Structures are given as C-alpha cells and as structure tokens.
Amino acid sequence: MAKKNLPFTKSQIEKIVEKYPTPFHIYDEKGIRDNARNLVKAFSWNKGFKEYFAVKACPNPYIMKILKEEGFGSDCSSLPELILSEKVGIIGENIMFTSNETPAYEYKKAMELGAIINLDDITHIQYIEDNLGKLPDLLSFRYNPGPLREGNTIIGKPEEAKYGFTKEQLFEGYKIIKEKGVKRFGLHTMVASNELNPDYFIETVRMLLELVLEINREVGIKFEFINMGGGIGIPYRPEQKSVDIIYVSNGIKNLFETMLKGSGMEDLKLFMENGRMITGPFGYLVTRAIHKKNIYKKYIGVDACMANLMRPGMYGAYHHITVLGKEDAEKNMVYDVVGSLCENNDKFAIDRQLPQIDIGDIIVIHEAGAHGYAMGFNYNGKLRSAELLLKEDGSVEMIRRAETIEDYFATLDFSRL
Ligand SMILES: *Cc1c(COP(=O)(O)O)cnc(C)c1O
C-alpha cells in the first residue's frame, strides 16, 4: 500500500514532545509556502488573481501571516474571523466577507474594515440599508445554481443547500443595487467541498462566466471579479492524487480568453477562497498510544480524541495514520484507533491495517491542517490541544498554547454556588 511522507523524523518529534506534550497539531511552514506559491504562480496569467484563504479552515494568526506574505487575503464569515484578519493586517479588499444569516454587527465590522461584502440573500440588500444606512460601493452576490449543478457529500446538493441567490434573484438583485448606486460588482459561488475532479472547477467558472455575460447584457453592469469559491479537495487517502492546479488553471484561462473576448470585461479578476487545499495537507495531529484493548475488536486508545479532529467521527472521513518509527513495518494488524470521549464515534480509524502498535508509540494523523483544530470542541470536558509551527529552518514555535482547565472554567462564576 502507498505511503505518505512526513516533513519531520521520529527523532525530531521525540525532541518536540519533550517540550510540548502530546496531543498537538503541528504545521509545516515550508509545505504551506511552497503550495501557496505554486497556486499563485499557476494563476499568474490573471492579473487580478487572488486567493482569499477561508479562515475557518485554520484560524491561527501565525498561519494567516504566512499566507499574507504569500499574497493571500482572507475569507471571513464572522466577527472573530474579521478581527483575526485585522490583527494580521489583512484589511480592506484583501478580505472577502462571505457569510450567511449574518447579524448587523458583523456587516458593520466588515464595512468598517472595507472588506468585500458578498451577500448570501437578496433580502440582505435592504437589511444592510436598514441597519447601516447605506450600501458599500462594491457588492458581490453568492449564486446557488440549485438543480443545475451536482454537489457532493460534504456540501450536499445545491438545491438542498441554504446558501445563495437563485438565478432569477441574481438578475433582480443586481438591478436593485445598480439603481441604488452601487458602482462595482462581483459574483460568487461555492458549490463543492473536497472535490478532486479538476474539471468540476473549470465547469464552475464556465457557469459563472455565462452568468456574468448574461447579467451584463440584461442589467447593463460590468463585473470586476468572479469568485469561484473554495472546495478544492486533497488526497486524504494515499492512493488519491492532488488536483492538478496547472490543468485547472489552463482550463480556466481558455474560458476567460474565449468567453470574455469582446465583452469589455477582458480584465475580469479571478478570485478563489480555498481553505482545505491551502493548509490541510500540511498539518498533522500528533498523539500517543496510551492503551490497548482487546474485546470483540482490537482497540488502540490514544491521548487525542474527536475534540482535536472531528472529521472521522462526523463524516466517517479517512485520515491516514503513520506510526512513527514503523513506517516500513508490515501492516499485519487491524485496529480501531480511538479517543476517550464517551461517544462511540470517537474513532480516528476503523478496521485500519496498521503495524503492531505498542503503548507509548507516537501516532501521526495526516491531513489535519484544515477543519482540524478549527472544529475542536470541549464536549466531555476535553481541552483543545496546542498548535505548533515547524519552521523552514527546522525549529519549532508554539503558535497557540493548549487549553487549560482554567480556560474551560473561564465562563463560569463559582462564587455564587
Ligand atoms: C468552507 C468555505 C470555504 C472553504 O472551503 P474548503 O473546502 O476548505 O476549501 C470557502 N468559502 C466558503 C463560503 C465556505 O463556507
């Protein structure tokens, strides 16, 4: 079976765990930077190209700072995400505010920061006017193609999804904001998540370009950008392959050249807002085997749990596992690798073929860099782990400390008991 490589060695991790006890998340700076550069380079044909990193995937300001240095903006959907961006110095139109069911105070902060506001619903035009007194000069709408596009398991079918405008509402909405004096326009969609088929993204852009042209003809507005959303998948399984970004870029470039020619929108900017493919493959959850249990099945109990990475428990998602020092050992055992929650779906792996695991072995769970730490929670009184950064020079920096019991109790006042 195929193997996944790690950016660190067993002895490096053994040193790290002396200082930072397991479990923790560790991110590979070099991997993140190389990947970010490849993306920017692949799309350099589009003069306005920008990736707005979906902050929810890995909301750590030190990671965001690295991405800022590589030219990324941020895609935010809540007040704390906006503030995180602001703290990192990502402000103005380097923020895309793609939210839904948004409260007025979040729109207010987004407007104050000069973020690009991407409305999820036609009624929010009036909602912003009522609550903030005016519309921004630049507005974008999120399109939900409904039955015109197939979704996938993580995001669901577009017609079942709560997000976005219908096609009819787009035409109506752009007419309304044009009349109300909005000057600059964008169009957004997000129709898939963790999609590995590169043609899917090319087709998404084709759909957006067709719409841009149609709306331009009917409403008489010029678009400044399209935002094709995030959703580029990553190979969680060793036999899967990464999305070929060059192929996607070439396909989109062709569409831009052929479809926009003569439209007056030849300089349309291309935006995307990926989260998963930006940090996912470059983050690892490092945990330790602390128990072995043999009943009807064989279990390995580790010191991390679903609170550190909930994707396997929530979606049955596959995350590859490496037992440090046993990379080349024969996988002659079948285990469930489990955490300590009083929840039977707290399993990182089910019936996984692995080498013989001994108590004390360090276990690395791959592709935990996006929607990993970020989805953490405190159920069962479990505390969130630390986040570490493996820097390009091989040193390690703690970029978020582990939670303590004091943090867990911080919102309680015991004095009135
Ligand atoms: C979650 C989300 C993203 C990022 O999705 P990935 O699958 O992590 O790339 C981008 N845009 C919006 C609006 C999202 O909700």
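Computed from a predicted model, the values in this text were never measured in an experiment. Atoms within each ligand, like the ligands themselves, are counted from 1 in listed order. Each residue takes its place number in the sequence, starting with 1.
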Strictly below 4.0 Å, N to O, side chains only: are [X] and [Y] in salt-bridge contact?
| X | Y | answer |
| --- | --- | --- |
| Lys56 | Glu81 | no |
| Glu367 | Arg311 | no |
| Lys167 | Glu214 | yes |
| Glu129 | Lys180 | yes |

Report summary line: Checking heavy atoms under 4.0 Å, the part of Met190 that sits near ligand 1 is side chain
Query - Met277 and ligand 1 - part of the residue with a heavy-atom distance under 4.0 Å - result: neither
Query raised in the report: Among Met306, His291, Lys347, Lys297, which one satisfies side-chain contact (heavy atoms from CB on, under 4.5 Å) with Val338?
Result: Lys347
Query raised in the report: Does some non-hydrogen atom of Gly231 fall short of 4.0 Å from ligand 1?
Result: yes
Requested in this report: From atom 7 (O) of ligand 1, work out which of Ala54, Gly233, Ala370, Ser193 has a heavy atom at the shortest distance.
Outcome: Ser193
Within-cut-off N or O pair, [X] and ligand 1, under 3.5 Å:
| X | result |
| --- | --- |
| Gly230 | no |
| His371 | yes |
| Asp75 | yes |
| Arg276 | yes |

Query raised in the report: Counting each atom of ligand 1 from 1 as listed, which ones have a heavy atom of Gly275 under 4.0 Å away?
Result: 4 (C), 6 (P), 8 (O), 9 (O)
Query raised in the report: Which atoms of ligand 1 sit under 4.0 Å from any heavy atom of Thr98?
Result: 13 (C)
Query raised in the report: Mind checking whether Phe165 and Leu119 have side chains closer than 4.5 Å, heavy atoms only?
Result: yes
Query - Heavy atom of the protein closest to atom 14 (C) of ligand 1 (residue, atom name, distance) - result: Lys56 NZ, 2.9 Å
Query raised in the report: With sequence neighbours left out, which residue pairs that include part of residues 208-231 fulfil the ring-ring contact (aromatic ring centres under 6.0 Å, His included) condition?
Result: Tyr174-Phe223, Phe225-Phe271
